[in-house]
Amino acid sequence: MLSAGKLIWISCRPLLRLIFCVSSGFAIAKADIFPPVAAAGAGQILLNITLPCLMFSKIVPAFTSQNVNALGPLILVALLYEIIGAIFAWIIKQFFWVPHRFRYGFIVAGGWGNVGDIPTAVIMSITGAAPFRGVQDQNLAVAYISAFILVFMVTLFPFGGHKLVAWDFAGPDVEHEEVREAMRLKRKVMFHSVCRLWRKKSDKGDREPVIDVPENTTEKETPSGTLVQRKQVSFDQNCSKGAKDVGILSPSCSLSPTEVNYPISDSPDGNATMTRVNTLSNEGQPISQPGVNKEAVIEVLPTHVTQTSKSSFGHYINRERVLEFFKALLTPSSITILTSFPIALIPKIKALFVEVPGTYMPPAPDGQPPLAFLLDATTFVGAASVPLGLVCLGSSIARLNMPRKGEWKNQPMGAIIWLSIAKMVIMPVVGVLMCQGLTQAGVISKDDIKHLTFFSSFFSCLPTATVHVLLTQVYSGTGSAEHLSPFLIPQYILMFISMTALTAYTIQLIF
């Protein structure tokens with residue numbers, strides 16, 4: 001049992017190294033020593049050279065036929081974290097307004113965490129000292145991290161997660177005031193719907209409740225002969241006017257609306273559709289006004305989103321999409337990970353790089369395995385991956401356009417706060433409970449319970465991936481990520497507190 005002071009120091013020490021690297025990148029970006037062009041070049045070096053070398057140099061010696069069964073639980077946990085995070089973001093989006101140009105990116109921000117540089121830096125530092133086993137556990141840690149990186153890359157790119165960010169910038173813009181008003185009316189409708197449902201359940205009588213209304217009241221005779229008054233109730237006298245102003249239709253302000261889809265000729269891709277809602281005025285005359293989807297916000301989506309139900313599966317899976325899938329899959333990092341595992345698991349091939357007990361391989365003139373020099377080269381280059389990634393992270397944070405002091409009142413503070421709480425407070429609790437449940441269910445092997453529990457729990461406490469910034473800058477067409485900035489900073493501030501607490505608790509739990 002480790003003392004409280006030692007647990008806190010073990011948990012904080014890796015973060016100090018992380019802060020140093022991130023601060024260095026932040027400082028040189030603010031000083032204009034590390035311009036965006038240089039940062040983009042460094043990012044390409046990181047993704048295409050240093051990170052693949054790091055993965056190869058760690059996976060080959062770390063994985064064996066005895067511990068490869070850990071890949072299944074790790075991939076399962078990685079997928080569950082993405083799904084749960086996206087669900088949290090979707091739930092938050094139902095109650096708090098989100099900028100129109102961030103309505104789908106908000107789901108990406110909740111589902112995809114920073115599984116690359118931050119966990120690699122922190123976990124390698126933690127496993128390099130007691131109570132872990134030093135270099136052996138460091139290699140195993142990076143090998144396990146590769147499973148999360150592989151899931152991240154496959155779900156974000158080949159399976160189209162990045163397209164959610166692109167959909168944010170399809171169609172016309174909608175002002176923040178309109179989105180806020182739409183969400184306000186949506187919450188009002190939900191509140192009164194719940195109230196009506198509660199009153200209906202609490203009514204113990206058999207007769208239908210009577211609503212006393214001052215005007216436009218009609219009487220209808222029920223099968224039992226009882227006269228009841230019916231009227232569509234408006235909870236706000238200005239409801240119809242407000243709905244018309246913001247282009248929404250509140251169910252509490254109109255009779256049975258009908259929706260008609262029509263094409264928008266000036267949409268970015270020429271194939272977008274918008275919904276028009278036809279309803280009746282108080283005088284019984286038809287009114288046609290621009291409507292919106294169920295989220296009460298005007299949203300324009302590509303045709304393949306709005307017309308998926310009309311197209312066959314064979315039409316959707318065509319040659320171009322298959323080629324696009326494999327092109328996105330065949331990135332240097334993905335190829336390295338997919339080729340490293342067979343090398344690590346086939347003794348004859350693995351013996352070309354490292355010594356394998358029970359397998360003879362003629363040595364090179366220096367007495368090392370014939371291809372040991374390749375492993376040395378990838379180890380040397382891969383060592384630059386973590387510090388370079390953290391420097392790029394710091395420079396990315398430095399270039400975020402944060403709102404000024406007087407501008408925060410115009411930001412979606414409800415969504416910002418709750419997304420930060422969901423990812424940095426609720427998710428770690430869910431992660432620990434989920435890992436314990438998987439252990440009790442036998443999914444996580446008890447032979448490797450210490451490592452798998454620690455690594456799996458740690459990945460539940462990661463902020464939104466900074467690659468989201470790059471995707472937003474690319475798809476926005478302006479190179480800006482103004483809507484994403486306020487959501488990132490609170491998460492990275494809370495990360496130092498929640499990550500320290502989670503690391504200390506997990507180490508105390510498994511040792």
Set of residues satisfying side-chain hydrogen bond (donor to acceptor under 3.5 Å, both in side chains) with respect to His162, sequence neighbours excluded | Tyr475
List the atom of Ser333, the atom of Leu51, and the distance in Å for their closest heavy-atom pair.
-> OG-CD2, 3.8 Å
Is there any side chain to side chain donor-acceptor pair (under 3.5 Å) pair reaching into residues 47-58, and which pairs are they, with sequence neighbours excluded?
-> Gln44-Asn48, Lys58-Asn139
Please collect all side chain to side chain donor-acceptor pair (under 3.5 Å) contacts where either partner lies in residues 10-23, sequence neighbours excluded, each pair once.
-> none
For residues Phe148 and Phe455, establish whether the separation of their ring centroids is below 6.0 Å.
-> no
By salt bridge (Lys or Arg N to Asp or Glu O under 4.0 Å), Arg180 pairs with (sequence neighbours left out) Glu177
What pairs of residues pass the side chain to side chain donor-acceptor pair (under 3.5 Å) test when at least one of them lies in residues 416-427, not counting sequence neighbours?
-> none
Are any of the side-chain heavy atoms of Trp90 and Phe106 separated by less than 4.5 Å?
-> no
Nearest heavy-atom pair of Phe152 and Gly113: which atoms, and what distance?
-> CE1-O, 3.4 Å
With sequence neighbours left out, which residue pairs that include part of residues 487-501 fulfil the side chain to side chain donor-acceptor pair (under 3.5 Å) condition?
-> Asn114-Tyr492, Thr464-Gln491
When the ring planes of His483 and His176 are compared, do they come out parallel, tilted or perpendicular, using 30° and 60° as the limits?
-> perpendicular
Sub-6.0 Å ring centroid separation between Phe56 and Phe353 | yes
